[in-house]
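A short write-up of the structure that comes next.
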Amino acid sequence: MEVKLKNNEKTVFICSSCGYNSVKWYGKCPECSEWNSFEETVIKKEPLSKSKTSKTMTAHTSVASTISSIQFPEHIRLKTGLSEFDRVLGGGIVKGSAVLLSGEPGIGKSTLLLQICDSVCKYGKVLYVSGEESAAQIKLRATRLGVNSDNLLVLCETNLSEIMPEIDVINPTVVIIDSIQTMYDEDLTSYPGSVTQVKQCAMRLLNKAKANDMAIMIVGHVNKDGAIAGPKVVEHIVDAVLYFEGEKQHAYRIIRAAKNRFGSTNEIGVFEMVETGLSEVENPSAMLLSQRPRGVSGSCAVCVVDGTRPIIAEIQALVSPSYLPNPKRMSSGLDYNRSSLILAVLEKRLGYRFSTQDIYINVAGGLRIDEPSSDMATALALISSYKDIAIPDDVIVFGEIGLAGECRSVSHVEMRINEAVRLGFKTIAVPHRTLKNLKKSFEGVKIYPVRSVFDLLKLIDA
Ligand SMILES: Nc1ncnc2c1ncn2[C@@H]1O[C@H](COP(=O)(O)OP(=O)(O)OP(=O)(O)O)[C@@H](O)[C@H]1O
Ligand SMILES: [Mg+2]
């Protein structure tokens with residue numbers, strides 16, 4: 001059916017994955033290479049503003065000011081009652097800021113936002129706008145989480161023209177939108193969840209929040225690749241973008257900031273999903289090591305630094321003879337290409353024949369490691385499994401591997417060693433170049449310098 005366009009309207013095709021727009025339809029997006037992602041949308045042509053057409057320098061209202069004369073408002077931080085969440089936000093929710101929280105379905109986004117309401121309600125009213133669940137469902141969850149404040153107001157609505165006046169009437173301190181993909185603006189012809197709707201709704205809500213100096217927390221769904229579904233533009237206009245991660249089969253959840261205008265993006269918050277909601281894990285290292293098998297080959301401890309916090313994790317490798325023409329390779333929690341590089345270095349430098357083996361690498365506990373400091377531990381776990389020799393339980397290794405098989409330095413060595421000592425590790429293998437930077441000695445602990453992958457063999461007498 002052909003849609004009749006008004007004079008001030010035109011049709012454009014917008015990629016639902018990245019927001020790229022074009023006057024013609026494409027099967028594959030030229031920007032993000034996604035197939036079949038273009039949606040036809042009717043948009044209003046913007047009239048050219050007078051200031052652009054006029055050549056004279058007459059009346060205009062925006063005046064630039066000197067940097068020294070600008071007054072900045074005090075950043076009042078609202079404590080959420082979950083110190084792990086506050087840490088990721090940079091110390092709490094900044095009044096008047098916009099936060100985008102995204103994650104896979106069922107990971108616990110609604111749980112987290114409802115749970116923090118209890119503490120945030122002490123600062124003023126909180127409006128929880130849900131487009132996905134009924135008021136009864138939210139009440140059920142709130143009862144389970146023990147949230148029951150008269151300052152918490154629930155609105156089950158998806159139409160922005162209903163939500164906006166309600167925000168004005170209530171004038172809350174924090175607005176929660178669960179989720180942006182369900183909201184719609186009736187002035188637009190596209191469906192809720194489409195790029196234009198998500199973009200428009202996010203813009204309108206953010207403008208409202210900034211104008212009323214209230215914080216806004218927006219839930220955004222992720223697509224199958226883990227990116228926030230809808231236009232990237234939402235990421236640009238909010239102050240912080242948080243990703244809620246975790247393996248479905250584990251109770252552990254990690255929140256990390258991909259962007260934060262009011263804090264570091266390196267911090268992570270670790271939680272465990274329990275009956276009463278998300279409980280904070282203050283000692284993630286002990287949690288990750290709690291189920292470590294003893295005396296079994298292929299398990300190696302590593303210390304990674306996420307933000308300012310050292311975390312001890314366990315890398316597991318399983319190398320077993322393959323009966324397939326193309327042996328299997330699987331890497332979970334570690335970058336696949338990085339794992340392939342480590343395998344190639346071990347093949348070349350130590351002469352191992354991995355081409356006849358199926359190889360599985362996993363970071364226990366559902367943690368994802370992006371740091372190259374885990375290279376040496378991955379290599380040692382692979383060697384241990386290949387040779388079927390267990391790594392002693394009190395050995396921990398960290399260091400980056402270069403293509404020549406050399407062990408390269410990593411940052412925060414002392415911090416990593418301290419954490420390893422705290423958890424009872426007695427042999428700590430570190431890149432040899434970092435030894436001279438160590439300011440203090442560690443009693444009762446053997447610091448083992450590693451020059452190359454050859455040195456790893458001595459750790460397990462291989
Ligand atoms: N009684 C319970 N005990 C423990 N965990 C529970 C319980 N009920 C729900 N959960 C956990 O809460 C999760 C659902 O949380 P929540 O609804 O907040 O997720 P969500 O990210 O908002 O999902 P969606 O994207 O579907 O809205 C479940 O996957 C489950 O792990
Ligand atoms: Mg939800």
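The residues of the chain are indexed from 1 along the displayed sequence. As the structure lists them, so they are numbered: ligands from 1, and atoms in each ligand from 1.
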Donor-acceptor pair between D358 and S320 side chains, under 3.5 angstrom: no
Looking at the Mg ion (ligand 2), is there an N, O or S atom belonging to S179 that lies under 2.8 Å away from it? no
Pick one of side chain, backbone, both or neither for how R253 approaches ligand 1, counting any non-hydrogen atom pair under 4.0 Å. side chain
Interatomic distance, N362 atom CG to S339 atom OG [nearest 0.5 angstrom]: 10.5 Å
Under 4.0 Å from one or more heavy atoms of E132, ligand 1 contributes atoms 27 (O)
Based purely on interatomic distance, does G108 place a nitrogen or oxygen under 3.5 Å from a nitrogen or oxygen of ligand 1? yes
Polar-atom distance check: D178 versus ligand 1, any N or O pair below 3.5 Å? no
Hey, could you give me the OG/NE2 distance between S373 and H412, rounded to the nearest 0.5 Å? 10.0 Å
Proximal ligand 1 atoms for R141, defined as those under 4.0 Å from one of its heavy atoms: 16 (P), 17 (O)
Side-chain donor-acceptor pair present, S97, D239, cut-off under 3.5 Å: no
Cation-pi, Y243 ring and R256 (6.0 angstrom, 45 degrees): no
Lys/Arg N to Asp/Glu carboxylate O, R416 vs E419, below 4.0 Å: no
Just heavy atoms, cut-off under 4.0 Å: does K109 contact ligand 1 by side chain, backbone, both, or neither? both
Atom indices of ligand 1 within 4.0 angstrom of S110 heavy atoms, with elements: 18 (O), 20 (P), 22 (O), 27 (O)
I254 versus L367: any side-chain heavy-atom pair under 4.5 Å? yes
Would you mind listing which atoms of ligand 1 come within a distance below 4.0 Å of any non-hydrogen atom of E275? 1 (N), 3 (N), 4 (C)
Close aromatic pair by centroid cut-off 6.0 Å: Y191 and Y184: no
N/O of M273 under 3.5 Å from N/O of ligand 1, yes or no? no
Side-chain heavy-atom pair I417, V430 within 4.5 angstrom cut-off: yes
Nearest to atom 15 (O) of ligand 1 by heavy atom, L140, L101, T111: which? T111
Does ligand 1 have any atom that is closer than 4.0 Å to a heavy atom of H221? yes
Classify the contact between V274 and ligand 1 as side chain, backbone, both or neither, using a heavy-atom distance cut-off of under 4.0 Å. backbone
